[in-house]
There are 2 protein chains.
Amino acid sequence: MYTEKEIKEKLRNKGLKITPQRVAVLNAVYTLNNHPTAQHIMDFVHKKYSNVSAGTIYKTLDTLVEKGMITKVRTTHDATRYDGRTENHHHLYNNENNSIEDYINKKLDLMLDVFFKENSIPGYEISSIDVHINGKYQKGVE
Amino acid sequence: MYTEKEIKEKLRNKGLKITPQRVAVLNAVYTLNNHPTAQHIMDFVHKKYSNVSAGTIYKTLDTLVEKGMITKVRTTHDATRYDGRTENHHHLYNNENNSIEDYINKKLDLMLDVFFKENSIPGYEISSIDVHINGKYQKGVE
DNA sequence: ATTCTTGCAAAGCATTTGCACCCTG
DNA sequence: CAGGGTGCAAATGCTTTGCAAGAAT
């Protein structure tokens, strides 16, 4: 996907020291393009560098996320949360205080429904759609 | 939110045995209506029944989810996943084989953008929207 | 040389499991 | 009384942390 030279260049551009571990981790994320877990990445890296520790993999991934070079997909540093509601609804994720609020809007549901009928994904059968709205309340409101 | 009688009725309707633990857990989920974690629920339950164990709380929550009486919000049965892409995009969650695929559709982004401009949430500033599309591939396709 | 990065091992959490005992229907 | 539910404690799995040793600029 990217040459070693390009990967080093990317790291340098972000002001990061170039280490074999970082090059290997970033290369792994690019190569394993199917949303790898830290474990997948570790396994891949270990093929070449069998001595890279788990701690380093995690720290490196955190660093790369911080620098905006990669993203976390199903980010969940907090515990699973439960909800008494069972009808379809969406959520407002407030990153400031780590709270979650329900967001219910029939117009949105209808619009998504129509959209995915008109733009169906070949061979894919949708069972539900959950919209995660990330953001925060403006000061003084809420 | 619900009387004890109503909660017991709900449990009975699902064919579950009525135990003080189950009544307490379900009541906790209804009372703590701000997406409680298992820990929040445990703390709440412990105010009345200090001897309910963590294992029971988890097992009870699982049972209630199975019966469709409550839902899990940020369901995390697997590890955090990473992605080499940084541009805004959505995801297809395949529940059958636990895989995640990117879903990129500018039309969808534009539509959501327009929607939330026209239907803005008072006092709330949206930073990003992530659409989780749950479903599966029909047999033989993919 | 200085600062940042790594490896290691221990610790931290959330969650799961195994099993004997206990309670509900 | 039969089948399920519970408590306890140990185990698991992912991730984080502290710190001394090592490498990059």
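A note on names: the letters A, B, ... follow the listed sequences, proteins ahead of strands, and every chain is numbered from 1.
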S.K.: In whole angstrom, what separates A:Ile57's CD1 from D:dC14's C1'?
M.R.: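 Rounded to the whole Å, the gap is 14 Å.
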
S.K.: Whole angstrom is fine here: how far is it from CE in B:Met42 over to C1' in C:dT16?
M.R.: 13 Å

S.K.: Atom CG of A:Leu11 and atom C1' of D:dA23: how far apart are they, to the nearest Å?
M.R.: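 Computing the A:Leu11:CG to D:dA23:C1' distance gives 15 Å.
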
S.K.: Of the listed nucleotides (D:dT6, D:dT16, C:dT24), which one gets closest to any side-chain atom of B:Thr56?
M.R.: D:dT6

S.K.: Within this structure, what is the CZ-to-C1' distance between A:Arg12 and C:dC4, rounded to whole angstrom?
M.R.: 16 Å

S.K.: Nearest to the side chain of B:Leu16 - D:dG7, D:dT16, D:dG5?
M.R.: D:dG5

S.K.: Can you tell me if the side-chain N/O atoms of A:Ser53 get under 4.0 Å from OP1 or OP2 in C:dC8?
M.R.: no

S.K.: Give the rounded distance in Å between these two atoms: OH of A:Tyr49 and P of C:dC8.
M.R.: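 It is 16 Å, rounded to the nearest whole Å.
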
S.K.: Is there a salt bridge (charged side-chain N to carboxylate O under 4.0 Å, His left out) between B:Lys5 and B:Glu9? Walk through the geometry before answering.
M.R.: CA-CA 6 Å; B:Lys5 192 176 249 189; B:Glu9 186 62 27; over 6 Å; no

S.K.: Rounded to the Å, how far apart are B:Arg22 CZ and C:dG25 P?
M.R.: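 Spelled out: CZ on B:Arg22 to P on C:dG25 is 10 Å.
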
S.K.: Judged by each residue's nearest nucleotide on DNA chain C, which is more toward the 5′ side, B:Thr19 or A:Gly15?
M.R.: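 Closer to the 5' end of DNA chain C: A:Gly15.
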
S.K.: Quick one about B:Tyr49 and B:Asn51 (side-chain donor to acceptor, distance below 3.5 Å, no hydrogens or angles considered), yes or no?
M.R.: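 B:Tyr49 and B:Asn51 do not have a side-chain donor-acceptor pair below 3.5 Å.
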
S.K.: Of the nucleotides C:dC19, D:dT25, D:dG5, which has the atom closest to the A:Lys17 side chain?
M.R.: D:dT25

S.K.: Map A:Lys59 and A:Gln39 onto DNA chain D by nearest heavy atom, then report which one ends up closer to the 5' terminus.
M.R.: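 Here A:Gln39 is the residue nearer the 5' end.
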
S.K.: How far apart are the C-alpha atoms of A:Lys117 and A:Asp113, what are their side-chain angles, what is the distance that settles it, and do they pass the salt bridge (charged side-chain N to carboxylate O under 4.0 Å, His left out) test?
M.R.: CA-CA 6 Å; A:Lys117 260 191 193 111; A:Asp113 207 52; 3.2 Å; yes

S.K.: Can a side-chain donor-acceptor contact be found between A:Glu6 and A:Tyr30 if the only test is distance below 3.5 angstrom?
M.R.: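 No - no donor-acceptor pair under 3.5 Å links their side chains.
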
S.K.: Is the ring centre of A:Tyr103 less than 6.0 Å from the ring centre of A:His91?
M.R.: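 Ring centres of A:His91 and A:Tyr103 not closer than 6.0 Å.
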
S.K.: Look at the side-chain N and O atoms of B:Tyr58 and state whether any lies under 4.0 Å from the OP1 or OP2 oxygen of C:dT15.
M.R.: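 Answer yes for this pair, as a side-chain N or O of B:Tyr58 is under 4.0 Å from OP1 or OP2.
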
S.K.: For D:dA23, does OP1 or OP2 lie under 4.0 Å from any side-chain N or O of A:Gln21?
M.R.: no

S.K.: Find the distance B:His40:NE2 to C:dT15:P and express it as a whole number of Å.
M.R.: 11 Å

S.K.: Tell me: NE2 of B:His46 to P of D:dT6, nearest whole Å?
M.R.: 13 Å

